[in-house]
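A quick write-up on the structure given underneath.
To find a chain, count down the sequence lines: A is the first, B the second, and so on, and within it residues start at 1. All values below come from the heavy atoms of this structure, side chains included, with hydrogens, waters and symmetry mates left out.
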Amino acid sequence: MVQSLPMTLLANLNPQQYEAVTTQSKQTLVLAGPGSGKTRVLTQRIAYLVQEMGVAPYQILAVTFTNKAAREMRARVENLLSQQLQDIWLGTFHSICARLLRRETNALPYRPNFVIFDEGDQETLIKRAIRELNIDEKTFRPAGVLASISNAKNDLKLPQDYPSQSYRDEVVKRVYERYQSLLVDNNALDFDDLLFVAVRLLRENPDICRRYASRFAQVLVDEFQDTNLAQYELLKLISSYHKSIFVVGDEDQSIYRWRGADYRNVLRFEKDYPDCQKILLEQNYRSPQNVLDTARAVINRNPNRTPKLLFTDRGNGDTITLFEAVDDTSEAAYVVDTIQQLVMSKSAKPSDFAIMYRTNAQSRLLEEAFLREGMAYRLVGAQRFYGRREVKDCIAYLRLVHNPDDEVSLSRIINVPTRGIGEKTVLSLILAARSAHISPGQVLIDLGQNGDSSRFWSALSGRGAMLLADFGVLLGNWIEQKDKISLPALFDQILEDVVYQEYIEDNSDEGEDRWGNVQELRKLAFEYQDRGMTEFLENLALVSDQDTLPEAADAPTLLTLHAAKGLEFSQVFIIGLDEGILPHSRSKDDPEQMMEERRLFYVGITRAKDRLYLVRAERRSQYGAYEFSEPSQFLADIPATLLKVKSSSSSTRRRSSSSYDFSEQISSATRWAPSKPVTPTPEIQQRFRAAMRVKHPTWGEGMVLDSRMIDGEETLDVFFESVGFKRLMASIANLEIL
DNA sequence: AAGGCCCTTCTTTTT
DNA sequence: GAAGGGCCTT
């Protein structure tokens, strides 16, 4: 029995994967190129730990990037082991921290019913702090101040640690201080707090830290290159007892620097754990060689990276198509047309396709094009649903019932639907609350309970006091009902009490849509009725874009390049390959950011399992008016031989046939690198190409992984069956092409 | 207090 | 081209 297991567990792993899954080293760093099977390594590693090394599931902590990835990983491990693994802590950094913090509120200035503030809530609160401090909102934009505070938290800096080098620093520091105490008053944590407070909890309470650290005998981390300092520190603390930590990542896929992610955590890891074992996964099982060559041509321009081989035995595959549309509308039309043609010719099915773009706004024209053609599509993006005003309103009601101290939710819905409680009344409510050192929500409840004998009654104007008391009665009722009736029943009760349906249904199509969204949320509440409000609200706050991807539908997927990380599709379109879009104009001045734009493109390219389409438009409407755009500088880095260039103009001239004159393509292709210092086109002198089979006099047969010209010498990376990777000069090596 | 209108503003990526 | 803010009228 025990003997047969490794067979099923470890079958079909290549030597590097096998080593990673079964390593006995305590600290392991797996550097995994795209499509190299890192998810597989992680799942099998967990299964191996449980089955072969006798690690109990509750001793395992595994961190993924999205909830979806966590769910999938759990399902796959359970499948491998044919057992339920309820006790594994498996989730995103944020959800794991929320879980940890909810268990340890005794040691924290929060109560267990704390809520999680999303970006909108954060901004509301920041604005409040800025106004309270009489700071000018124009010179100190809330979003900018928030970003600075967020960075500070990710760097584990408290308000008192915040620098005061400049006037702006001073201002941010003061806002940070006020903002933080407002959060505590609201019994709320923002996204960054989840991590930062967890780190402080473990740092400042050695007993608690020891409890968790001794429990988690094995810590595993996916997408390690995208951890920030707070996350790194958390991992270090939580693995401080057993010091068994297994991380998987790829610096070339680090795309969250702007959120504090620091791929140098990989270096930090090697420094902190000098005995760690480093394993490279370089064989790609996803994409054909042409796609990999394109990806490599793009990423190789980034300096200071550990060069990684990227090879496949899948063959060259189709040429990459580069399409140049006249404008952004025809860019979208081209994508939809091409998909329709391929679907109709049965070369692919709708769900094989993904369309990736740099900014969410780019999805609009695509959606319109799909709608025009009557084709279904699925759009990845949590904002789409949870960002809706009516959805946020309903969530605010639930949050307020769950945590009456949540002032942000209260102020959101205290007059929605309008019930005569205007600005002045709200202000007097807040003043009454402040002077009594309780939250406005508590004042409301008191007013509801005691009416004109409430101690707050006299502080408010007659009409205002009455309206507030009326609302307080409702709030008090809901809170009383909360634990007696089910979540969907409470939801219905609230909607009924505030006559919400009539408020949003105005007999327009949009009104119908809005009510539909509310119904959708109610359905979700129904699914959570056994798990309760806390979990419901927490999951609402922590959904990621990828989590919202509807599973079944046989339709193309529309998503940002960021959301595409970790996914793969047979046919990939990357649109908007124009200067200012990809790379984005906001990254222009900062070389580090430009490198990240490049990695983003790299991530997109390497999602393709079969075909890759790169698309751009000569003209696009940036803000209302059309503007001409230059081709993305990244296109110039792709060797012309890999690309088949098409454009709208030639396709209208020749209809949309695929009979393009080759010389026309080449001349067209060279346009992509007009004024830039391009390495002299090496194809002419080069004898070898990636994926060629070759024979060496002493090492025998092997496969060419890469060939390039260095100082006039053709330099090859070859993988030999006998000895593995070798780098050699073509002129000396005496290779025979097979 | 509420709703409407016009003004600016400014647009990255997201847990 | 959308969203929010400020200002106006009712």
Under 3.5 Å, is there a donor-acceptor pair linking the side chains of Arg268(A) and Asn265(A)?
-> yes
Could you state the atom-to-atom distance from CD of Glu423(A) to C1' of dG3(B) in whole Å?
-> 14 Å
So what does Thr425(A) hit on the nucleic acid, given a heavy-atom distance under 4.0 Å: a base, only sugar-phosphate, or nothing?
-> sugar-phosphate
Is any side-chain N of the basic residue among Asp513(A) and Arg388(A) closer than 4.0 Å to the acidic one's carboxylate O?
-> no
Distance in angstrom units between Glu123(A) CD and dT14(B) C1', rounded = 14 Å
Nearest-Å distance for atom pair CZ/C1', residues Arg141(A) and dC10(B) | 8 Å
Report the distance from atom CD1 of Ile255(A) to atom C1' of dT15(B), rounded to the nearest whole Å.
-> 13 Å
Any side-chain heavy atom of Leu237(A) within less than 4.5 Å of one from Leu234(A)?
-> no
Might you work through the ring-ring contact (aromatic ring centres under 6.0 Å, His included) test for Tyr256(A) and Phe65(A), ending with a clear yes or no?
-> CA-CA 11 Å; Tyr256(A) 286 98; Phe65(A) 202 68; 5.1 Å; yes
So which one's nearest nucleotide on DNA chain B is more toward 5', Lys424(A) or Leu542(A)?
-> Lys424(A)
Looking at dT9(B), dT12(B), dT15(B), which one has an atom nearest to any side-chain atom of Phe191(A)?
-> dT15(B)
If you check every side-chain atom of Arg358(A), which of dT9(B), dT14(B), dT12(B) has the closest atom?
-> dT12(B)
Nearest-nucleotide check on DNA chain B, Arg586(A) vs Thr418(A); residue mapping nearer the 5' end is Thr418(A)
Where the side chain of Thr359(A) is defined as all heavy atoms beyond and including C-beta, which of dT12(B), dT14(B), dC10(B) is the nearest nucleotide?
-> dT12(B)
Checking only heavy atoms, does the side chain of His94(A) share a donor-acceptor pair with the base of dT15(B) at less than 3.5 Å?
-> yes
Would you confirm whether the ring centroid of Tyr500(A) sits within less than 6.0 angstrom of the ring centroid of Tyr503(A)?
-> yes
Could Asp136(A) and Lys138(A) be called an ion pair, given the rule that one side-chain N must be under 4.0 Å from one carboxylate O?
-> no
What is the nucleic acid contact for Asn415(A), judged by heavy atoms within less than 4.0 Å: base, sugar-phosphate only, or nothing?
-> sugar-phosphate
Nearest whole angstrom, please: distance from the C1' of dT8(B) to the OH of Tyr623(A).
-> 14 Å
Specify the separation, in whole Å, of atom CD of Gln253(A) and atom C1' of dT13(B).
-> 16 Å
Whole-Å gap separating P (dA1(B)) and CD1 (Ile414(A)) | 12 Å
Atom pair distance, as rounded to whole Å: CH2 in Trp258(A) and P in dT12(B) | 11 Å
When you list every nucleotide of DNA chain C with an atom under 4.0 Å from a heavy atom of chain A, which one comes first 5' to 3', and which comes last?
-> dG1(C) to dG5(C)
Is Lys138(A) touching bases, backbone alone, or none of the nucleic acid, heavy atoms closer than 4.0 Å?
-> nothing
Euclidean distance for C1', dG4(C) against dT13(B) (whole angstrom) | 22 Å
Look at all strands and tell whether Gln593(A) reaches a base, only sugar-phosphate, or nothing, counting heavy atoms closer than 4.0 Å.
-> base
Who are the salt bridge (charged side-chain N to carboxylate O under 4.0 Å, His left out) partners of Glu233(A), not counting sequence neighbours?
-> Arg203(A)
In terms of the angle between their ring planes, are Tyr377(A) and Phe370(A) parallel, tilted or perpendicular, with boundaries placed at 30° and 60°?
-> tilted
Contact class for Asn360(A) vs. all strands (heavy atom < 4.0 Å): base, sugar-phosphate, or nothing?
-> sugar-phosphate
Scan Arg389(A) against the nucleic acid and name what it touches under 4.0 Å (heavy atoms): base, sugar-phosphate only, or nothing.
-> nothing
